[in-house]
Amino acid sequence: AITGNSKAIAAKEFPKLSLLCDLNNQTTAKLSSSVFTKIKWFNESKLVDSSFTLNKINSGKYTVRLEDAKGNQYTIPEFQMLTLPQPIKPTIQSTGDTLFCAGKSVELKANGSANMKFTWSTGAQSSNITVNESGTFKVLGTNEFNCKTSFSNAIQTKVFDNPAAPIIAQESPYFLSGKTKTDGDIKYAWEFNGSPLSEITSVLRVKEAGKYSNTAFKKYSNTLTCISPKVEFN
């Protein structure tokens, strides 16, 4: 029988359980509650911790015993808890050629699972980075549970020098010399009054007065040719 002094215990707000990865990618379980002040975690009936954050958990069957400020105890029945898996590493996509001339750049884009945040080997924290130098670049991802991937496969960029600007000099009334100081297999693009000429050598036979210009260019591959600044001569 219930006496006149008996008082029913009100239902408590159910605590919220969340799983996250720590800095070492190990799974941490956190129980948050505005009602309970004490907690005990049991794994296979063995007491494993007495704090609301359970670090470095192992997969297994757990029971939680909670206590409020008045000493009332509540038990969460046995449940299965699994460690968080390491997410799949991202990939890198380039929006252009990774071999480019000095002064140019290429954009690298990280691709991963939904809601993933990215950290590059340069320290940049974004999905895209713009690269204007030679180097090796990798990226890792962090998912919504703070679990980190391993680094992606590396992608390499390489910058090639532009030829130096030609120095145009009049060698005689009929010839202009437009050599550059840059070593290597250099060819030249001459123009007369803004129209291209067919000559690709450093010496140009002058046929009439006017404005001549010269640009040095070097072909590194079938897809990459670097050019110098244009120089004009009247």
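Computed from heavy atoms alone, side chains included, the values below leave out hydrogens, waters and symmetry copies.
Atom OG1 in Thr98 sits 5.5 Å away from atom CD1 in Ile155 (nearest 0.5 Å). Remark: Ile227 CD1 to Lys187 NZ distance equals 15.5 Å, nearest 0.5 Å. Atom NZ of Lys61 and atom CG of Asn43 lie 11.0 Å apart (nearest 0.5 Å). Atom CD of Gln73 and atom NZ of Lys38 lie 9.0 Å apart (nearest 0.5 Å). If you take CZ on Phe137 and CG on Leu108, they are separated by 6.5 Å, rounding to the nearest 0.5 Å. From Lys30, atom NZ reaches atom CG of Asn55 across 10.5 Å, with rounding to the nearest 0.5 Å.
Applying the 6.0 Å contact sphere to CG of Leu82 captures more than 12 heavy atoms from other residues, nucleotides or ligands. Within a 6.0 Å radius of CG in Leu47, more than 12 heavy atoms belonging to other residues, nucleotides or ligands are found. The environment of OH in Tyr174 is sparse: at most 12 heavy-atom neighbours from other residues, nucleotides or ligands sit within 6.0 Å.
Between the side chain of Glu144 and the backbone N or O of Met116 there is no donor-acceptor pair closer than 3.5 Å. A donor-acceptor contact shorter than 3.5 Å is absent between the side chain of Asp97 and the backbone of Phe100. Put simply, the side chain of Thr180 gets close to the backbone of Ala164: a donor and an acceptor are under 3.5 Å apart. For Ser59 (side chain) and Thr83 (main-chain N/O), a donor-acceptor pair under 3.5 Å exists by modelled atom type. With Trp190 contributing its side chain and Thr201 its backbone, the two residues share a donor-acceptor pair below 3.5 Å. Panel note: side chain Asp68, backbone Lys70; a donor-acceptor pair is recorded below 3.5 Å. Under a 3.5 Å cut-off, the side chain of Thr225 and the backbone N or O of Lys219 do not form any donor-acceptor pair. Ser134 places a side-chain N or O within donor-acceptor distance of the main-chain N or O of Val159, the cut-off being under 3.5 Å. Using modelled atom types, one side-chain atom of Thr27 and one backbone atom of Leu84 make a donor-acceptor pair closer than 3.5 Å. The closest donor-acceptor contact from the side chain of Thr95 to the backbone of Glu107 lies under 3.5 Å.
In this structure, a donor-acceptor pair under 3.5 Å is present between the side chains of Ser51 and Asp49. Looking only at atom types and distance, the side chain of Asn153 has a donor-acceptor partner in the side chain of Lys89 under 3.5 Å away.
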Would Glu191 and Lys211 count as a salt bridge (Lys or Arg N to Asp or Glu O under 4.0 Å) here? Give the steps. CA-CA 8 Å; Glu191 292 181 2; Lys211 181 184 290 185; over 6 Å; no
Quick one: do Cys147 and Asn25 satisfy side chain to side chain contact (heavy atoms under 4.5 Å, CB included)? Show the steps, please. CA-CA 6 Å; Cys147 301; Asn25 243 23; 4.2 Å; yes
Derivation of the side chain to side chain contact (heavy atoms under 4.5 Å, CB included) call for Phe160 and Leu99: CA-CA 7 Å; Phe160 291 83; Leu99 310 178; 3.9 Å; yes
Carefully, step by step, assess Cys226 and Asn162 under the rule side chain to side chain contact (heavy atoms under 4.5 Å, CB included). CA-CA 5 Å; Cys226 298; Asn162 295 313; 3.2 Å; yes
For Lys179 and Tyr188, run side chain to side chain contact (heavy atoms under 4.5 Å, CB included): C-alpha distance rounded to whole Å, both residues' side-chain angles, the deciding distance at 0.1 Å, then the answer. CA-CA 8 Å; Lys179 279 191 173 183; Tyr188 299 88; 4.3 Å; yes
Given Tyr212 and Phe192, is the ring pair (Phe, Tyr, Trp, His ring centres under 6.0 Å) satisfied, shown in steps? CA-CA 5 Å; Tyr212 290 83; Phe192 173 64; 4.7 Å; yes
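Between Pro90 and Ser150 the shortest heavy-atom distance is CD-O, 4.1 Å. Annotation for Asp185 and Lys218: closest pair O-CG, 3.7 Å, computed over non-hydrogen atoms. For the pair Ser121 and Thr136, the tightest heavy-atom approach, listed with the atom from each and the gap, is OG-O, 4.0 Å.
One hydrophobic cluster, built from ILVMFWY side chains closer than 4.5 Å, holds both Ile168 and Val206. A single hydrophobic cluster is seen to contain both Leu176 and Val231, as judged by linkage of ILVMFWY side chains at heavy-atom distances under 4.5 Å, directly or through other members. Under the 4.5 Å side-chain heavy-atom criterion for Ile, Leu, Val, Met, Phe, Trp and Tyr, Leu54 and Tyr74 are members of the same hydrophobic cluster. When hydrophobic clusters are built by joining Ile, Leu, Val, Met, Phe, Trp and Tyr residues whose side-chain heavy atoms come closer than 4.5 Å, directly or via intermediates, Val35 is grouped together with Ile39. Linking ILVMFWY residues whenever their side-chain heavy atoms come closer than 4.5 Å, directly or via other members, leaves Phe151 and Phe118 in distinct clusters.
A 4.5 Å side-chain heavy-atom check between Phe233 and Asn214 finds every atom pair outside the cut-off. Met81 has its side chain within reach of Ile57: a pair of non-hydrogen atoms, C-beta onward, lies under 4.5 Å apart. Between Phe42 and Arg65 there is a side-chain heavy-atom pair separated by less than 4.5 Å. Using a 4.5 Å cut-off on side-chain heavy atoms (C-beta onward), Pro15 and Leu31 make contact.
Using bins of under 30°, 30° to 60° and over 60° for the plane-to-plane angle, the ring pair Tyr62/Trp41 lands in the perpendicular bin.
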